[in-house]
Amino acid sequence: MAAKSIVGKINTDWKPDRSSGIPLYEQIVKYVCRKVSSGEWTAGMKMPSQRELAQQWNVNRSTVVTAMDELASYGIFESSFGGGTKIAGNTWSVLMSEQGPDWNRYISSGEFKANQSIIQIINKLEFDDYIRLGTGEPDPRLFPADMMKEIMNEMAENITSLNYLEPLGLQSLRDALAVRLREEGIDVPPSCILITSGSLQALQLISIGMLKRGSTVFAEAPSYLKSLQVFQSAGMNIEGIPMDEEGIKFRLIEDKIKRFNRIDYDHLLYTIPTFQNPTGILMSENRRSELFDFCRDHGMPIIEDTAYSQIWFGRKPPLSLKARDENGLVLYLGTLSKSLAPGLRIGWIVGPESVVQRLGDIKMQTDYGASSLSQWVAARFLETGFYDSYLLEFRQKMKKKRDSALKAMEKYMTGKADWNCPDGGFYIWTTIKDSISTDQLFKKALKKKILLNPSNIYDFSTNRSLRISYAYEDAATFEKAIKEIADMI
């Protein structure tokens, strides 16, 4: 399947009907007129090239040219040298748009910011026939289908309703998580645990429920948080802090905090200390201890994202920041999305009871609770011991995937790039040696049906890195894709 044309804000994923009896060029003309008259395409929006349109619509280029000429005669299009073809801002277009609301004006007025264009492309094409070389999902073939079948059969016999649950989530799931957290050195009651629809929703709840506009969130550079818009949409600033092999170089925050202390804004730290996304760095025990002391001494709250903390291949990682917390400094985010199933949409926030109650109230206003069915499933996975049995095998299989990926990297990328050897998680952070554009590499890879995650999604400055994931594809497919990327470089 051909890649969808995504140029500017126009996405042409429509095709003319060859069996309708209406000439193809006429169908194209009517389609474009309908888009303009409905207000979906507005003045100034750029059209894809004629070649791209011909490929997308599966017609000859001459058919596109005929349709475009007729549309230009209507005054819908205007062209400029080097600027391509755009929707015209003339009276004819305005009159057509008056037949319906200008939805793009409403869309652009919303508070929530759009994803970066590359992320939008990735989100669309991950569901087409592409090799996913940067994805944050585990291989679906590792899913414990037999365990799930047994749990679902049990639930079919025992569950009598799937009504709404209490604001903090299913009691039995929070009980099971409290037991599991104690094993990790975190002693909290179920009343300090809020079930969310994944870690991403936890971040959104925090952004809209706890911080004022103008506040600053410090994060590692590069950071998964940079790829999101939840804090920026809430009017906050994100500042990247460099890392070394032990984790975030938090001392660099000192001068920034002194500046913030003189103004009426809040600040906090977001960190993924265990197999950081996207670099795979594991924060050392010493760095964790120093970072926690620093934040405690400065009264700076911490959001600790532990999405990958259960996916380790050798020695168990150091205790979490939350395990050191006796004063409610840390908001701890957990999830089953990386280790079990993204589609369950089950995550959790651990924090002071007052904070958890506040965020639970906001969650009830947004979705009235995470899926009851998913919460029952997650609770049974934890209560029965299925999850621990599965996790042991999952780690072993993920280690094999990492090892085969590193062999492919060594075979094809030696001399072309530098990369790390992660002790867990999903990612190999790869930096290309030559001065090439990772954006251009991304576009070239699309032509080979390969999806990459370039560094500008995550970093605060331009560099030549890629987030390479070994989690999703099988070994042969991964090697094939890496060879293609090496040839492109």
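If you read the sequence from its start, that first residue is 1, and numbering goes on from there.
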Run the side-chain hydrogen bond (donor to acceptor under 3.5 Å, both in side chains) check on Glu220 and Ser223 step by step: do they pass? CA-CA 5 Å; Glu220 292 112 343; Ser223 173; 4.6 Å; no
Do the side chains of Phe218 and Tyr270 get nearer than 4.5 Å, heavy atoms only? no
Salt bridge present between Lys226 and Asp459 (N-O < 4.0 angstrom): no
Ring centres of Trp429 and Trp419 under 6.0 Å apart? no
Inspect the contact between Lys401 and Asp139 and indicate whether a charged nitrogen and a carboxylate oxygen are less than 4.0 angstrom apart. yes
What do the steps show when you test Ser20 against Gln27 for side-chain hydrogen bond (donor to acceptor under 3.5 Å, both in side chains), and what is the final call? CA-CA 9 Å; Ser20 71; Gln27 293 186 51; 3.0 Å; yes
Tell me if the NZ atom of Lys407 is crowded by more than 12 foreign heavy atoms within 6.0 Å. no
Ring of Trp312, cation from Arg395 - is the NZ or CZ under 6.0 Å from the centre and inside 45° of the axis? yes
Between the side chain of Thr274 and the main-chain N/O of Leu282, is any donor-acceptor distance below 3.5 Å? no
Please examine the side chains of Ser49 and Glu52, heavy atoms only from C-beta on, and report whether any two atoms are closer than 4.5 Å. yes
What do you reckon, is NZ of Lys15 surrounded by more than 12 foreign heavy atoms closer than 6.0 Å? yes
Hey, are Ser372 and Gln375 close enough side-chain-wise for a donor-acceptor pair under 3.5 Å? no
Check this for me, if you would: do Glu154 and Arg380 make a salt bridge, where the nitrogen-to-carboxylate-oxygen distance has to be below 4.0 angstrom? yes
Going through the distances and angles, do Glu137 and Arg132 end up as a salt bridge (Lys or Arg N to Asp or Glu O under 4.0 Å)? CA-CA 9 Å; Glu137 289 187 49; Arg132 296 166 63 169; 2.7 Å; yes
Under 4.5 Å between any side-chain heavy atoms of Ile485 and Met488, yes or no? yes
Measure from the ring center of Tyr390 to the ring center of Phe394 and say whether it is less than 6.0 Å. yes
Are Met210 and Leu331 close enough, and set up right, to give a side-chain contact (heavy atoms from CB on, under 4.5 Å), and what steps lead you there? CA-CA 12 Å; Met210 297 188 62; Leu331 296 181; 3.9 Å; yes
Strictly below 4.0 Å, N to O, side chains only: are Lys443 and Asp439 in salt-bridge contact? no
Approximate separation, where rounding is to 0.5 Å, of Thr66 OG1 and Ile28 CD1: 9.0 Å
Is it the case that Tyr470 and Asp403 place a side-chain donor and acceptor less than 3.5 Å from each other? no
Going through the distances and angles, do Met398 and Phe426 end up as a side-chain contact (heavy atoms from CB on, under 4.5 Å)? CA-CA 8 Å; Met398 286 295 294; Phe426 284 3; 3.6 Å; yes
Side chain to side chain donor-acceptor pair (under 3.5 Å) with Arg345: which of Ser197, Ser337, Ser371? Ser337
Are Glu479 and Lys411 within salt-bridge range, i.e. N to O under 4.0 Å? yes
For residues Asp474 and Thr477, is any side-chain donor paired with an opposing acceptor at under 3.5 Å? yes
Give the C-alpha distance, both sets of side-chain angles, the deciding distance and a yes or no for side-chain hydrogen bond (donor to acceptor under 3.5 Å, both in side chains) between Asp367 and Gln201. CA-CA 10 Å; Asp367 66 5; Gln201 188 190 46; 2.9 Å; yes
Could you give me the CA-CA distance, side-chain angles and deciding distance for Ser469 and Thr135, then say whether side-chain hydrogen bond (donor to acceptor under 3.5 Å, both in side chains) is met? CA-CA 6 Å; Ser469 172; Thr135 188; over 6 Å; no
Hey, do the aromatic rings of Tyr31 and Trp41 have their centres closer than 6.0 Å? yes
Within 6.0 angstrom of Glu410 CD, more than 12 heavy atoms from elsewhere: no
Can a donor-acceptor pair be found between the side chains of Gln204 and Ser207 at a distance below 3.5 Å? no
Between Ile432 and Leu441, is there a side-chain heavy-atom distance shorter than 4.5 Å? yes
Would you call Lys449 and Asp128 a salt bridge, using N to O less than 4.0 angstrom? no
Audit row: Asn60, Leu24, side-chain contact (heavy atoms from CB on, under 4.5 Å) steps and yes/no: CA-CA 10 Å; Asn60 293 329; Leu24 297 179; over 6 Å; no
State, to 0.1 Å, how close Ile118 and Pro454 come at their nearest heavy-atom pair, and which atoms those are. CD1-CG, 4.1 Å
With side-chain contact (heavy atoms from CB on, under 4.5 Å) as the test, would you mind laying out the steps for Tyr332 and Asp305 before giving the verdict? CA-CA 6 Å; Tyr332 175 102; Asp305 192 335; over 6 Å; no
Assess, by modelled atom type and distance only, whether the side chains of Asp418 and Thr431 contain a donor and an acceptor separated by less than 3.5 Å. no
Partner of Tyr427 by ring-ring contact (aromatic ring centres under 6.0 Å, His included), out of Phe275, Tyr308, Tyr472: Tyr308
Taking atom CD of Glu393 as the centre, does the number of heavy atoms from other residues, nucleotides or ligands within less than 6.0 Å exceed 12? no
Are more than 12 heavy atoms from other residues, nucleotides or ligands located less than 6.0 Å from atom NZ of Lys480? no
